[in-house]
Amino acid sequence: MKISFSPEDEKFRAEVAQWLTQNLVGEFEQLKFRGGPGDEHMFPQARKKWEQKLAQDGWTCIGWPKEYGGRGCSIEQQVIFNEEYARAGAPGHVGHIGEGLAGPTLIAFGSEAQKQKYLPGIVAGTELWCQGYSEPGAGSDLANVKTKAYFDEAKGKWIISGQKVWTSLAHESDYIFVIARTNPDSIAHKGLGFFLMKMDQPGIEVRGIKQLTGTSEFNEVFFDQAECDADDIVGKPGEGWAIAMGLLGFERGVSTLGQQMQFHNELNQVIAIAKANGNDKDPIIRQRIAEAHVRLKIMRYNSMRMLSDEGDGGLKKEALIYKLYWSTWHRDLGELAMDVMGPEAEILASAPYNLTRLQAMYLFVRSDTIYGGTNEIQRNIIAERGLGMPKEPKIQMN
Amino acid sequence: MKISFSPEDEKFRAEVAQWLTQNLVGEFEQLKFRGGPGDEHMFPQARKKWEQKLAQDGWTCIGWPKEYGGRGCSIEQQVIFNEEYARAGAPGHVGHIGEGLAGPTLIAFGSEAQKQKYLPGIVAGTELWCQGYSEPGAGSDLANVKTKAYFDEAKGKWIISGQKVWTSLAHESDYIFVIARTNPDSIAHKGLGFFLMKMDQPGIEVRGIKQLTGTSEFNEVFFDQAECDADDIVGKPGEGWAIAMGLLGFERGVSTLGQQMQFHNELNQVIAIAKANGNDKDPIIRQRIAEAHVRLKIMRYNSMRMLSDEGDGGLKKEALIYKLYWSTWHRDLGELAMDVMGPEAEILASAPYNLTRLQAMYLFVRSDTIYGGTNEIQRNIIAERGLGMPKEPKIQMN
Amino acid sequence: MIRDTAQAFLADVSSSSAIRNAMASEQGFETQIWQRICTEMYWQAIHIPEEYGGMGLGYVELVIMLEEMGRYLLCSPFFSTVCLGTNALIVAGTAAQKQQYLSQICQGSLTATLAYTGNNGRWDADAVQATVTTDGDHYLLNGRYRYVPDGHSAGLIIFAVRDEGSTGVDGISLFALDANTPGVKRSWLPTMDETRKQAEITLDQVCVTKADLMGEQGKAWPQLNKIIQLATVAVAAEQAGGAQQTLDLTVEYTQERVQFGRPVAGFQAVKHQAADMMLRAEVAKSAVYYAACVAEEALNGGPLANELAEAASVAKSYCSQGYFSNASDAIQLHGGVGFTWEYDVHLYFKRAKSSELFLGNSAYHRELIAQILLD
Amino acid sequence: MIRDTAQAFLADVSSSSAIRNAMASEQGFETQIWQRICTEMYWQAIHIPEEYGGMGLGYVELVIMLEEMGRYLLCSPFFSTVCLGTNALIVAGTAAQKQQYLSQICQGSLTATLAYTGNNGRWDADAVQATVTTDGDHYLLNGRYRYVPDGHSAGLIIFAVRDEGSTGVDGISLFALDANTPGVKRSWLPTMDETRKQAEITLDQVCVTKADLMGEQGKAWPQLNKIIQLATVAVAAEQAGGAQQTLDLTVEYTQERVQFGRPVAGFQAVKHQAADMMLRAEVAKSAVYYAACVAEEALNGGPLANELAEAASVAKSYCSQGYFSNASDAIQLHGGVGFTWEYDVHLYFKRAKSSELFLGNSAYHRELIAQILLD
C-alpha cells in the first residue's frame, strides 16, 4: 500500500501550494472553505470564475490525458493536488461533475466527436455539468428509471420526457447527462440510454428542493419533450446501464483524498471549538474526537489502498466499503460537532434560519447516508458483490 | 404503571426474607448465587434438595392457584418473592421449567388426569422437567420440527423419534415435554402435538453439548422409538402449536423480576471490582456502569408495565421487546465486566479451564441473544406483530 | 381517556401547517391555540392544586399530556409555563406568590418560565452565573442567561441568581419577577429547532423586593435542583412521545413507499431498524412512566420521593438517546424525502437534538448516576 | 506471494485439531511445528537484519505474516519471540546482545519475550513496577510481572525495571536475561483465551551484570515505548487477520445453513451484518498496512518514523473493536453452534477479547491519541 512521494512529487506539492497561496486571494478570498457539499448553492458565479482561473494555469482536469487537455498527472500528483487544494480551503469545484464524471465517461465511452465537442469546455471551466440519475419513484434504483427517450425521425433528435431528482447545481449547469429508457417495453436495467443534453431549452425545467437546512442545493429537473441531438447519445441505445456502471467507478477516485482534507478541516473546526469552550478536557468528548481522528486517518489509508497496488479494474473490497464508511463517519462528525458545542449548538447565526457552518454540515450530512445509494443499499452491494451472498429475491406484490 | 406494595405485601416481603435468611444456611450455603443461567449444571442434587426445602414450607409455585398446590399469590407478591429470592442469592431454581412452563401449560391446557399426575411432583420439588423444543436443523423455527410421533395402536402409546437440542438440565430431569409432528404429511406449524414423556426409558438418550465455557449445561436429547402414554398428549394431535404459543406467554412472567435481581447482583459484582481496582474513577467506565444501571432500572420498570395495567391477554408491546432488550443488556454487561477487570479478566480461576463467575457470565451470555429466538428473530417478531410490517416472504430455493 | 382527549385535540390544532406557522414566528406559538388550550382544555392547570383553581391532577397525568405534545410537536408555552414556571412556584413559591401567579396561570392570563443557565454550557448548580446583591431592603440582580425556553414571551420569569463570590450549590436564590420589571432585557435566540423558542435575558441592575424572593436567600439550590429534576422528567416525557411518533411516521411511510418492486417495509433491514425503534420507544415510555410516579411522590410525598434525582437522570439519559436515534433512523428510512423541508421528519430530528441538549445530554446524566452509584 | 506461502503452510499446520492440541498444553504450542516454522519457513528471522543471519525483510512483510497467523490462529511463540523479544533486541540491544541472541533466534534455538507489566492493569510507563538497585558492579532485580506472553516457556526474557522511587517514564531500564537466571520464577497463568499463553514472573534478588543491561540505566523509556508501539502494530495485524477470518467463517456457514426454507445468508439482516463485518475487516487492514509502513520507517529510518505512536494507536484502537465486533457477530450469526466448543468461532471470540485487552484497549489508545491532538 505504500505511497511514496518522490522528490519530484514534493516539488509538485510546493508548486500547487504556492499557486493556491498566490491566487486564492482578492475576490476569491470569500470563497475559502465554501461551496462544498451542503454549501454547493453558495457563490456559484464567483466559483465559476475561480474554476476558469484554475483552468488558465492548467489546474483543472489534471488527471486527464494530455490529449484531452489534462495534465496527465500521476495518481500521486492527483492526490497531492487534492490534498493541497483542500488544505488551502479552496472552494468546492463547481465543475466537479464535468471533471469527475461527465468527462471521464466521455473519455472512456464517448465518440471522438463528443470528446471534441464537450471536453474543452470542461477543461476550460466554462461549461458546467450536472447529472440526471435518480428519479422520484426510483430512489437509487437505476433499474426503475421511468424517464423515456424516443428517436424522432422527422426532427432527427432524441425526445426525452420524465423527471430527475436530487440534481446538484442544476440551475448553474450548461449540460446534464441523463439516463433514460430508450426501449419503452424494457424492464430493469435493459434498454437504457445515456444522453448528453443542453440545459437551456424549453423542454427542461428546474425546481429547487427545499432541504432540512432551509436551503436548496438539490433540484428536481423536469423533462417535457426535451431534445437531444442524435449525436449526443453516448454509446448505443441500450448501453446506458453499462456506461452508468462504469461511471460509478469514477466516483471513487483520487478526489476522495480531497474530500478527506475537507473532513479534516471540519474536524479541526470542532477541535478548535472544544479547545475554546473547555470541552477538550471532557473525557467523553476526548474519546469521541480521538475516534473521529482515528477513523479519518484510516479513511486516508483506505483510499491509498484503493489507489495503489494492482489496478486490475475490478472494484476492490476496500473501495466497496468506502461510501458506507465515509458517509457514516461524516454523520458521526455532525453529531460530535453538536455535542462539543453543547447548548450553543442550537443557536443560529441569525434569523430567520441562517445556519452556522457546522450546523449546516450537521444537517447536510444526513444526505450522505442516503444519496448515491443509501447505507442499506451499500450493505446489499457489499454483501452481494464483496462476499458473494445471495441477491435480494424478487418478490411479487400481491 | 404504578405498582404499589400494600402493608400486607411488605409484611409478605419480610416473611420471605426471613425464611430465606433462616434456611439458606448450612448445607445450602454453598448454593448461594449458583445455578443460574450459565451455571445450571452446578450442584444439581443439592439444588434439588433445596427445591424440596422450599416446597416443604410452601415456597414453590407460589403463583399457582391453591387448588393445584400453589399459594395463589398476587402478582405483587410473586414480584416480591422473586426479588427477595434473588436478593438473598438463593440458587437457580432447578425446578423452574416445571414451575414456570410445564405446570402453567398443564393448568391451562392439560386434562384433569394430567394435572393430578404431574402437578404435585412439581410443587413438591421432587420431579424435574426439561423442554424439548429446538431441533438441530430448525433452530428457533418451530414450524420446522422434524421429530415425529405416531400412535401405535397395538401398544396404545405414542412412539416418538427424532432429536431435540439446547435442552437444559436434561440429565437431571424426570420428564420432558416435547413438540413432535403427529401428522407426517403436515407442514409448518400444522400437525404438531405436545407430549409429556418420562426421561428414564430406553428410547431416550441424553448427550451434553460442550459449550464455549468448557462446561455442558445444554444437551442433545435423542428419541429413538421413545414411548409416551396415550394419556400424555396435551390437547389433541395438531394442537401442539397453539399450546406452545400459549406457553411462550408464560415465559414472560413475574420471574423476569427475579432474573433482574440476579442481573443486579452481577452488576454489583462488577461495581465492586471497579471500586477495588480503581476503574470506578475512569470516566469511560463510569459512563458504562451508569448506562448498565440505567438500562437495568428501566428493565424493571418495563416489567412492571408488563405486569400491570390491562391484562387483556394479548402480548403487549413492552412485552414484545423484552427478550431483545434483556439479552442485549446482559451481553453488554459481560463485556463491561471484562473491561472493568482489564488484563486480569483473562486469568482463569484455575487450570485447566475453570472460569471465574464473571468469566462464565461473560461467555454464557452469548447464548442469551440466540436461544429462545435469536435477536434477529425477535426483531422480525417485533416488526411483524408489534408494528404490522410485512412478514418475511417465503422464498423458493432454486 | 385523558390520552384520547389529548390526541384528538392535538391532531386538530397541531397539524403540520400549524406547526410551521408557529415555527416561523418569533413568539413560537399561536396565541389563539394557546388560549383554546387554556380555556377549552384547561391543560395549563393540570397539576396545579385545586386551591389555586387548578385541576389537582398528578405528574402521571401531566406526563401523558407531555408525551402526546411531544408526539404532535405542539408549539406552545406549555412546557415553560407548566413544567418550569408552575413547578418552580409549587416547589419554591411563597404562599402569596402561589396565590397570585398560580391563579393567573390557571386563568390562562399568564405564561411563565425559568431562567437559570448562563453561557458556560452547564446544567448543574454552576450554570447559575447571574448575581444578587443586597441594597438595603432591596435586591439588585445582574447577569446574563441563555437558552431560556420562551424567555422572550413569558409573563413571569423565575430567575436563579447567586450571591457574589459563591460557587457550586452555595449561595443560590430564586426570584419570581414580572417579565416587564425594569432592567430585564429579553431577546429571542433563533434556534435550529424552531418548535421551541429560546431567549437570552440580561439583568441590568434589576431592583426587586423581598416579596419577589422565593424562600430563603442563598439556600435555594435544593429547590432549584428539584425544579430542574421535575423539568427533566417532563422533557423525557416529550422525548418518549417523539420517539413513538418518529416510529409511527416511519412505519407508515415505509409501508407506502415501493422500491425494487415491493414496499420498503418488507425489507428485513428496514423491519429490524423499525423493531429497534419500537424497542427504544417502549423502553423510553417505561422509564418515563416510572419517573412520573416518582415525580408525583416528590411533589406530594411518598416513599419514592427521594428517588427523583436518579429517576430523572435514568429517564433523560435513555430518552435523549432513544429519541435522537429514532429520529435519525426515521430520516434514514424516509430516504430522500426525509431530507426535505416539506416532510415533517426533520422537525422531529431537530427537536430530538435540542431536547437532548437541553437540561443535559445522556453523558451528563450518566455521570450524575455514576456519582450516585460509585462516589 | 509471501502471503500465499504463509497461507498454504498455516492451513497445513494450524488446523482446528492442531490448535486444540496446543491450547490444551501448558506450553501452548507444539514444539515440532515451531521447529518446522524455524527451519522450513525461517519466519522467526523475517525482519532480523542479514548480518545476524536474518532475512532482512521489513515490517510490511512481517505484518502480512502476522495477519495470516491471526487468521489461522497459529499457536506459537512467534509473536513473543519476534514482535517482543526480537524488536526489543533490535531497538535497545547492545551489539553483543544482538550478535548473541538474534543469531540464536535465527537458528531457531531461542525463543524470547518481553516482561514489563506489573499487576496494576496499566500498559504505559506506570505499568513497570519491578525495581533495580545497584550492588557494586551488579544489579539486583526484584518484582512481579503478569500477563507476560509465553513468559513461562521463553528462553530469553527482556525485563523492564525501574529505579526505586522513580515514577512514570523516569528511571526505566531494560535487561536481557536468560530465563533460567537464578531468582527468576515463572508460572503459567491459565487464561480464557487458550491460543496464547500468559505467565506470571517474579524476580527475587536476581543478580545480573552490566552485560545484561540494554542501553543506559534509567533512560530506557523511549526504547521501551518504541518496543511497545511496534508490538502494538503487531497485535493489530493479528487482529485484522482475525477480523477477516471471522467474516469468512460466517459467510461460509450462513451460505450452508438453511432456515425458514433458505440459506441464512439470504436474509437481509444477515447480509447487512456481514457487510458491516467486511467493512471492519477492510478498514482494519488499511489501518494495519499503513502502521506497518510507519513501523518499518521507525525501525530503519524514514520520514514517517515519528508517526509511530499515532499509527500504532490508530491501528490498535480500530482493530481491537473491529475484531471483537466481528467475532461477536460471528457467534451470533452461527446461532447455537457458535456457542459450542466444537466449532472454532469461540476461539476467535476469545482471542479477540484477549488481544483487545493486551497492550491497551480501544479507549486507552483513543486517550493516547487525544493527548497528541488536544493537549
Side-chain angles (χ1 to χ4, degrees), chain A residues 134 136-141 143-144 165-166 188 209-216 218 277-279 282-285 288 331 335 338-339 341-356 359 362-364 366-367 369-371 374-377 379-380 392-397, chain C residues 23-26 117 119-123 127 146-147 188-194 196 198 200 257-264 266-270 273 324 328 331-343 345-347 349-350 353-354 356-364 366-367:
Chain A
S134 296
S140 309
D141 181 9
N144 244 344
V165 75
W166 308 121
I209 298 172
K210 190 175 178 187
Q211 301 148 193
L212 78 172
T213 49
T215 56
S216 296
F218 295 126
N277 71 13
N279 275 331
D282 178 310
I284 314 306
I285 294 292
R288 290 176 63 189
R331 190 187 62 195
E335 294 173 21
M338 292 299 105
D339 295 344
M341 287 191 267
E344 207 61 32
E346 274 294 314
I347 313 302
L348 298 177
S350 62
Y353 207 69
N354 296 318
L355 301 165
T356 66
Q359 285 171 339
Y362 163 67
L363 292 176
F364 195 79
R366 290 287 148 182
S367 69
T369 56
I370 294 172
Y371 77 79
T374 63
N375 278 10
E376 288 72 25
I377 289 183
R379 289 191 177 96
N380 275 352
E392 288 298 300
K394 291 286 167 199
I395 307 296
Q396 291 308 315
M397 287 179 66
Chain C
M23 279 165 53
S25 70
E26 177 171 332
T117 48
N119 66 355
N120 59 4
R122 303 188 66 132
W123 298 101
R146 279 172 86 76
Y147 328 122
W188 170 43
L189 282 178
T191 44
M192 202 156 40
D193 165 26
E194 295 181 283
R196 173 166 294 153
Q198 299 186 13
E200 179 171 83
R257 164 84 170 167
V258 172
Q259 204 163 12
F260 301 104
R262 53 176 169 144
V264 168
F267 287 94
Q268 201 180 30
V270 174
Q273 285 185 68
F324 185 78
S328 172
I331 287 205
Q332 182 69 21
L333 293 178
H334 274 72
V337 303
F339 190 66
T340 63
W341 190 270
E342 180 188 352
Y343 276 68
V345 200
H346 73 103
L347 305 180
F349 177 69
K350 292 169 183 171
K353 179 52 80 176
S354 75
E356 179 189 356
L357 294 168
F358 186 63
L359 297 180
N361 67 9
S362 298
Y364 170 81
R366 279 196 291 267
E367 174 55 28

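Lettering of chains follows the sequences in order, A, B, ..., and the numbering in each one begins at 1. The basis for the numbers below is simple: all heavy atoms, side chains too, and nothing from hydrogens, waters or symmetry mates. What you see is a predicted model, and the numbers here were worked out from it, not measured in a lab.
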Validation row: A:Asp339, C:Glu356 side chains within 4.5 angstrom (heavy atoms) = yes

Name the region of C:Arg122, side chain, backbone, both or neither, that has any atom closer than 4.5 Å to a heavy atom of chain A.
-> neither

Residue among A:Ile347, A:Asn380, A:Asn354 with most heavy-atom pairs under 4.5 Å to chain C = A:Ile347

Min side-chain heavy-atom separation C:Leu189-A:Glu346 under 4.5 Å = no

Does a side-chain heavy-atom distance below 4.5 Å link A:Thr369 with C:Ile331?
-> no

Ring pair (Phe, Tyr, Trp, His ring centres under 6.0 Å) against C:Phe267, all qualifying residues, sequence neighbours excluded = none

Less than 4.5 Å apart, any side-chain heavy atom of C:Phe339 and any of A:Tyr371?
-> no

One option among A:Gly342, A:Pro343, A:Gly214, A:Gly278 has the most heavy-atom pairs under 4.5 Å with chain C, and it is A:Pro343

Quick one: which of A:Leu363, A:Val165, A:Asn277, A:Asn375 has the most heavy-atom pairs under 4.5 Å with chain C, could you say?
-> A:Leu363

Under the ring pair (Phe, Tyr, Trp, His ring centres under 6.0 Å) test, which residues partner C:Tyr343, sequence neighbours left out?
-> none

Under 4.5 Å between any side-chain heavy atoms of A:Arg366 and C:His346, yes or no?
-> no

For C:Glu342, look at atom CD and say whether over 12 heavy atoms of other residues, nucleotides or ligands are found less than 6.0 Å away.
-> no

